[in-house]
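Remember, it's a predicted structure, so these values are computed and weren't measured experimentally. Here is the naming used below: chain letters follow the sequence lines, and residue numbers restart at 1 for every chain.
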Amino acid sequence: MGGAVTVSKVDELVRAFEEMAELSDIKGEVRFKVNAYHRAAELVREHGEELLKLDDVKELRRYKGIGEGIAKKILEYKHTGAISKLEELKEEIPVELISLLQVPNLGPKRAKLVYDELGVRTIEELQEAAEAHRLAELYGMGPKAEQNILEGIRHLRTTTGRLPLHQAHRIQEEIIAQMRERLPKLALSPAGSLRRMKETIGDIDILAAARDAAPVMEAFCALPGVERVLLRGDTKSSVQTVDGLQVDLRVVLPEEYGAALQYFTGSKDHNVRVREIAKKAGKKINEYGVFRVKDKRRLAGETEEEVYRALGMDCPPPEMRENRGEVEAALEGTLPTLVELADIRGDLHVHSEASDGIASLEEMRAAAEALGYRYLAITDHARNLRVANGLDRERLLRQVEEIRKLNAKGDSPVTLLSGSELNIGNEGELDYDDEVLSQLDVVVASVHGGFRQSREQVTRRILAAVRNPHVKIIAHPTGRLIGQRAPYEVDLATVMREAAESGTALELNAFPDRLDLNDENLMEARKLGVKVALGSDAHRREHLAFMYYGVATARRGWLGPEHLLNAMDLEELLEWLWRGRLDKDRKRAERKR
DNA sequence: GCCGTTTTCGGCCCGACTGTTTTCAGTCG
């Protein structure tokens, strides 16, 4: 089996430009050159396939950010597999030095300094030098700087890295609630990557508006969950919580609130683009407002909408602010309308006590009713997934019957849809025959094992499921578990094309560990015209609420209600589910001929 | 290293906080 990890040419080239940026930075090149390399890495990440197809400097230079130098380097890499400039840099500066930049409070300048003066090239050596107080003797450094670097190393080793969105979200809500208790009238908002609903969160950013910042800082730094105060200024403080998370609070005046929110929400790349646009228009934007350069007149600041409008832009929803085309769309007035939680009419992936859930059908239905849903698909695990108590044929058919009876009573606004989450076997085989599947409303299929198989095999398995006329949704299509398990190798582009063609939806699994498809996958699905099915994968009543994170992720993928099965009303959904199955059945018959 | 309906040279996004400094560099976001 070809299970070897293959790193693509594109990934290698991205890495090469990133190394060039880091090494140039340590070397002390002007920041703009370093930025140019970073930008090149970004461009290759985004357009690598296209770029590597091109064969002359002129064509490459059509991309903004690629000039003479970068173009030649791309071609050199294409033809020789290496970039001589990078090799030269590596001879001047050891690559291991790049790893030192991970240490908080140690940047490129001091990394170079400790290497030149002390020969330090790894984090271990850095720690030894700091503990022997050799860092404090260096020019421009002292005992504090040394201590901060030791703290940085400790932090690096003890924190588990980024926190999953839902955990960070809970902590943030708690902090905001505690602040409100102490200062009831204070305007507070989440900001940063949490407001953008990124799938993992490095630290929590909170913004406050007040005439007098001092009492706000006071209250914040004294919150019960605060382990220690990292820095405390007049308008900005950072603390570390008992669970090792960094929380930043920024306080601005009410008339600056919108500008500060814009600035503090990011992303960094988005903000850089916005500031460039301001600059070109003879304006300046910072966290205090938008200003006209010539007379420093203030043009906007109180609300985000006003801030963007002052720059001739619509206001992009926070989830879109990643510099993935939203800046252009905001300028042209072509921002899409994104899906909202209120658009969601039902959940299409739910388990009951029949397999590995803990609630009865009626309990799950009552919980769905509380969320205002109109339908709920019961998709318990199927026969072959023994570990999850998968239903055999008889139990499944009994459940179908039970669902019919519950629906017939007509005492709930929620219609239960009978379904199953099939297991896609090693050769693409499914748990039940067509005769059984044809009795179900919603057939979901997904991979639960064989994660280390080759890309070809996994893709073949999933394509087999896509082609089954009854399978209408491929659940958690990449199998990743955030922070625990990488996605299996799969040719997602091919799966998406086939799914689009055959009328099969791909799932956006809203379970917090999964969020699968992810935001970038979803943008691709949107482009290819693939329908997306939101499912909470609930195993108990409270899990239905995970839909919130699913909708957030859908928004990060630029999806509107028109892309989602769950935004359809019941009749439309049933028609889509059944019409598609007849189409697919016909195609399968044609293929056999 | 890139870029140009204000420029082919001289710019390139912006500011807070800290520590080590007598006016600012380094780091961070």
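With B/dC14, B/dG1, B/dC17 as the candidates, the nucleotide lying closest to the side chain of A/Lys279 is B/dC14. Relative to the side chain of A/Pro108, the nucleotides B/dG1, B/dT27, B/dG15 differ in distance, and B/dT27 lies closest. Looking at the side chain of A/Asn148, the nearest of the listed nucleotides B/dC2, B/dC14, B/dG19 is B/dG19.
Taking atom C1' on both B/dG10 and B/dA16, the two are 28 Å apart, rounded to the nearest angstrom. If you take atom P in B/dC28 and the same atom in B/dT20, they sit 15 Å apart, rounded to whole Å. For the C1' atoms, the distance from B/dC17 to B/dC12 is 25 Å, rounded to whole Å. When the C1' atom is compared between B/dC9 and B/dC14, the two are found 24 Å apart, to the nearest whole Å. For the C1' atoms, the distance from B/dC3 to B/dT8 is 9 Å, rounded to whole Å. Atom name C1', nucleotides B/dG1 and B/dT6: the rounded distance is 23 Å, in whole Å.
In this structure, the CG atom of A/Leu135 is 15 Å from the C1' atom of B/dT20, given to the nearest Å. What separates CG of A/Leu89 from C1' of B/dG1 is a distance of 13 Å, to the nearest Å. Put simply, CG on A/Leu231 is 8 Å from P on B/dC17, counting in whole angstrom units. Atoms CZ (A/Arg110) and C1' (B/dG26) sit 5 Å apart, rounded to a whole Å. A/Arg61 places its CZ atom 7 Å from the P atom of B/dC3, with the value rounded to the nearest Å. When the C1' atom of B/dC28 is taken as reference, atom NZ of A/Lys109 falls 14 Å away, rounded to whole Å. Taking atom CD of A/Gln147 as the reference point, atom P of B/dG26 lies 21 Å away to the nearest angstrom. Atom CG of A/Leu230 and atom P of B/dA16 are 19 Å apart (whole Å).
Within the nucleic acid shown, A/Val103 comes within 4.0 Å of sugar-phosphate atoms alone, with no base atom in reach, counting heavy atoms only. Residue A/Arg273 is classed as having no contact, given no heavy-atom separation below 4.0 Å to the nucleic acid. Within 4.0 Å (heavy atoms only), A/Tyr63 reaches sugar-phosphate atoms of the nucleic acid but no base atom. Contact annotation for A/Lys73: backbone-only contact, meaning every heavy-atom pair under 4.0 Å involves sugar-phosphate atoms and none involves a base. Backbone-only engagement by A/Thr235 is indicated by non-hydrogen atom pairs under 4.0 Å involving sugar-phosphate atoms exclusively. Contact annotation for A/Glu68: backbone-only contact, meaning every heavy-atom pair under 4.0 Å involves sugar-phosphate atoms and none involves a base.
Interface residues of residues 35-43 of chain A facing DNA chain B, ordered by number: A/Ala36, A/Tyr37; criterion, heavy-atom separation under 4.0 Å.
In this structure, B/dC2 and B/dG11 make a Watson-Crick or G-U wobble pair, each of the two defining distances being under 3.5 angstrom.
The phosphate of B/dG19 has neither OP1 nor OP2 within less than 4.0 Å of any side-chain N or O from A/Tyr139. Proximity of A/Lys144 to the phosphate of B/dT18: no side-chain N or O atom is located under 4.0 Å from OP1 or OP2. A sub-4.0 Å separation between OP1 or OP2 of B/dT5 and a side-chain N or O of A/Lys280 is absent. Taking only side-chain nitrogens and oxygens, A/Asn105 never comes nearer than 4.0 Å to OP1 or OP2 of B/dT27.
Here A/His38 and A/Phe17 keep their ring centres 6.0 angstrom or further from each other.
Between the side chains of A/Tyr63 and A/Glu50, at least one donor N or O sits under 3.5 Å from an acceptor N or O. The closest side-chain donor-acceptor pair between A/Gln147 and A/Glu151, if any, does not fall under 3.5 angstrom. Using modelled atom types, one finds no donor on one side chain facing an acceptor on the other under 3.5 Å when comparing A/Asp519 with A/Thr553. A donor and an acceptor atom, one from each side chain of A/Glu322 and A/His270, are nowhere located under 3.5 Å apart. No hydrogens or angles considered: a donor-acceptor pair under 3.5 Å links the side chains of A/His169 and A/Tyr549.
Looking at A/Tyr263, its side chain has no donor and acceptor atom pair within 3.5 Å of the base of B/dG15.
Counting heavy atoms from C-beta on, the side chains of A/Leu331 and A/Tyr308 never come closer than 4.5 Å.
Of the two residues contacting DNA chain B, namely A/Lys33 and A/Asn271, the nearest-nucleotide position lying further toward the 5' end is that of A/Lys33. Each of A/Ile70 and A/Arg232 has a nearest nucleotide on DNA chain B; the 5'-most of these lies closest to A/Ile70.
At distances below 3.5 Å, not a single donor-acceptor pair connects side-chain atoms of A/Glu137 with backbone N or O atoms of A/Leu135.
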Please lay out, stage by stage, how A/Gln246 and A/Ile204 fare under the test side chain to side chain contact (heavy atoms under 4.5 Å, CB included).
CA-CA 6 Å; A/Gln246 183 176 327; A/Ile204 292 181; over 6 Å; no
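Under the 6.0 Å distance and 45° angle rule, A/Lys72 does not count as a cation-pi partner of A/Tyr77.
Here B/dT6 is in the anti range [glycosidic angle more than 90° from 0].
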